[in-house]
Number of protein chains: 2
Amino acid sequence: MKMSDGVEWAIHCVMLLGALPPSATLSGKALAEFHGIPESYLLKHLKMLVTNGILESVPGPRGGYRLARQTKDITLLDIVQAVDGKRPAFRCTEIRRRGPCALGDGAYPRCCGVNRAMMRAEQAYRDALAEATMKDITDEFMANADPRIVPLGENWLEENTRTPKS
Amino acid sequence: MKMSDGVEWAIHCVMLLGALPPSATLSGKALAEFHGIPESYLLKHLKMLVTNGILESVPGPRGGYRLARQTKDITLLDIVQAVDGKRPAFRCTEIRRRGPCALGDGAYPRCCGVNRAMMRAEQAYRDALAEATMKDITDEFMANADPRIVPLGENWLEENTRTPKS
DNA sequence: ATTATCGTGGATATAATTTATCCACGATAT
DNA sequence: ATATCGTGGATAAATTATATCCACGATAAT
């Protein structure tokens, strides 16, 4: 069971976009370069973040991506579900209805108990992800980062930040 | 993110083996037939359950598989980790160390905060799985199953159960 | 107006992983 | 001796993840 690498990319992109002034943007190209990841594939994931209301996109020159809401209102769960989808990892195939001892569909009014137990565990996972806001993660990152990184990042942002009219 | 179908197969196999008398076995073929799943692939997963000390295997005629310990001492976590492995779903690729603003390895003494948050969520998931014993799941299944299934299952078990010498 | 920049969406290729099958082998009970 | 059963390795097929490319519409600068 492996989560898409795009989730990690998306989280770090949201972190970086959270450092921008209001309404400013970063282009997909800039986001890819900053993180050293393939641009053409990252765009797919950024699009999913736009579709799910986590990012806004601005077309045209000086356009790019920016946060659609504050980092305190974006959780890891939001990003994971936007990029990796909302389908459960465990997919019940109704094994109990197969084989020589199975009965007709009417004999299984309740959801399979195995499935219910797995769903409970996945809910605990989602609850924990929903507890982690991007603001908390970003703050923790800034508090513990090597001091040399701050001016580097500020300098880079200054060169790459776009400010569209709208 | 999808979990291997083998996990569901393995759980139901453990459930069925839990209904056997002590030291009795079911062959891989019988387990596959009962659940209507491919035998040759199921054997791979059964082997993992043996390797991880959840099942015991008995070779030779009248051989097969049986539980290595009681269902109350087997949790969903045991089976999930045996079949699907113990590697985390989220694998940090250290994105922070890439790109134009990255520093040398010495600048990152602590584990990435994103990774730590994801690990916390996965730990909550594992905790929930460890709470679910196969005894609980089996008991719940028997209590809620259609009454017609019980004699069917008992009959099938009687025909397919093997009792090896050791 | 014209042009260059940028995100969107679809089509498509490549790589990795999952799923599935097969066969030779050793162990064991009849 | 022989038939049954699990083990382990090799291999193939199917599915999913990863990655690239291009035509298109929108926008800002000139």
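Each chain gets a letter, A, B and so on, in the order the sequences are listed, and its residues count up from 1.
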Inset, instruction - Would you mind reading off the distance between A/Leu43 atom CG and C/dT5 atom P, rounded to a whole angstrom? - result: 16 Å
Legend entry - Pair listing, side chain to side chain donor-acceptor pair (under 3.5 Å) test, anchored in residues 39-62 of chain A, at least two apart: A/Glu56-A/Arg66
Inset, instruction - Select base, sugar-phosphate, or nothing to describe what B/Ser27 touches, counting heavy atoms under 4.0 Å on all strands. - result: sugar-phosphate
Legend entry - 5'-most by nearest nucleotide on DNA chain C - A/Lys2 or A/Leu46: A/Leu46
Inset, instruction - Give every residue pair that meets the side chain to side chain donor-acceptor pair (under 3.5 Å) criterion with at least one member in residues 72-87 of chain B, sequence neighbours excluded. - result: B/Arg69-B/Asp78, B/Thr75-B/Asp78
Inset, instruction - Using atom CG of B/Leu42 as one end and atom P of C/dC22 as the other, report the distance to the nearest whole Å. - result: 16 Å
Legend entry - Donor-acceptor contact present, side-chain B/Glu122 to main-chain A/Tyr125, <3.5 Å: no
Inset, instruction - Could you tell me whether the phosphate oxygens of C/dT8, OP1 or OP2, come under 4.0 Å of any side-chain nitrogen or oxygen in A/Tyr65? - result: yes
Legend entry - Whether over 12 other heavy atoms sit under 6.0 Å from A/Lys135 NZ: no
Inset, instruction - Could you list the residues that satisfy side chain to side chain donor-acceptor pair (under 3.5 Å) with A/Arg120, not counting sequence neighbours? - result: none
Inset, instruction - Report the nucleotide, chosen from C/dT8, D/dT18, C/dA20, that has the shortest atom-to-atom distance to any side-chain atom of B/Pro38. - result: C/dA20
Inset, instruction - Give the dot-bracket string for DNA chain D, reading 5' to 3', where a pair is Watson-Crick or G-U wobble with both distances under 3.5 Å, ( ) marks pairs inside the strand, [ ] marks pairs crossing earlier ones, | marks a partner on another strand, and . marks unpaired. - result: ||||||||||||||||||||||||||||||
Legend entry - Selection residues 59-114 of chain B - residue pairs positive for ring-ring contact (aromatic ring centres under 6.0 Å, His included), sequence neighbours left out: none
Inset, instruction - Determine which pairs satisfy ring-ring contact (aromatic ring centres under 6.0 Å, His included) with at least one residue from residues 132-166 of chain B, sequence neighbours left out, and list them in order. - result: B/Phe34-B/Trp156
Inset, instruction - Would you kindly give the CE-to-C1' distance between A/Met3 and D/dT16, to the nearest whole Å? - result: 16 Å
Inset, instruction - Spell out protein contact along nucleotides 24-30 of chain C as letters: B when the base is contacted, S when just the sugar-phosphate is, - when no protein heavy atom is under 4.0 Å; keep the 5' to 3' order. - result: ---BBBS
Legend entry - B/Glu94: partners by side chain to side chain donor-acceptor pair (under 3.5 Å), with sequence neighbours left out: B/Arg96, B/Arg97
Legend entry - B/Glu39 CD to C/dC23 C1', straight-line distance once rounded to whole Å: 14 Å
Inset, instruction - Under 4.0 Å between any heavy atoms, over every strand shown, what does A/Ser57 touch: base, sugar-phosphate, or nothing? Just pick one. - result: sugar-phosphate
Legend entry - Non-neighbouring partners of A/Asn144 that pass side chain to side chain donor-acceptor pair (under 3.5 Å), sequence neighbours left out: none
Legend entry - Upstream residue (5' side of DNA chain D) when B/Arg162 and A/Asp5 are each assigned their closest nucleotide: B/Arg162
Legend entry - Exceeds 12 heavy-atom contacts within 6.0 angstrom, atom CD of A/Glu131: no
Legend entry - B/Asn160 CG to D/dT4 P, straight-line distance once rounded to whole Å: 15 Å
Inset, instruction - Please work out if A/Gly64 contacts a base, only the sugar-phosphate, or nothing of the nucleic acid, heavy-atom cut-off 4.0 Å. - result: sugar-phosphate
Inset, instruction - Rounded to the nearest angstrom, tell me the gap between atom CZ in B/Arg66 and atom C1' in D/dG6. - result: 13 Å
Polar pairs (N or O, both sides) under 3.5 Å between protein and nucleotides 9-15 of chain D?
unit_1: D/dG9; atom_1: O6; unit_2: B/Lys44; atom_2: NZ; d: 2.8

Inset, instruction - Could you check how far CD of A/Glu56 sits from P of C/dT8, rounded to whole Å? - result: 12 Å
Inset, instruction - Could you identify which residues cluster with A/Met48, counting Ile, Leu, Val, Met, Phe, Trp and Tyr as linked when any side-chain heavy atoms lie under 4.5 Å apart, either directly or through a chain of such contacts? - result: none
Legend entry - Atom pair distance, as rounded to whole Å: CG in A/Leu26 and P in C/dC6: 11 Å
Legend entry - With sequence neighbours excluded, residues passing side chain to side chain donor-acceptor pair (under 3.5 Å) with A/Gln123: A/Arg126, A/Asp127
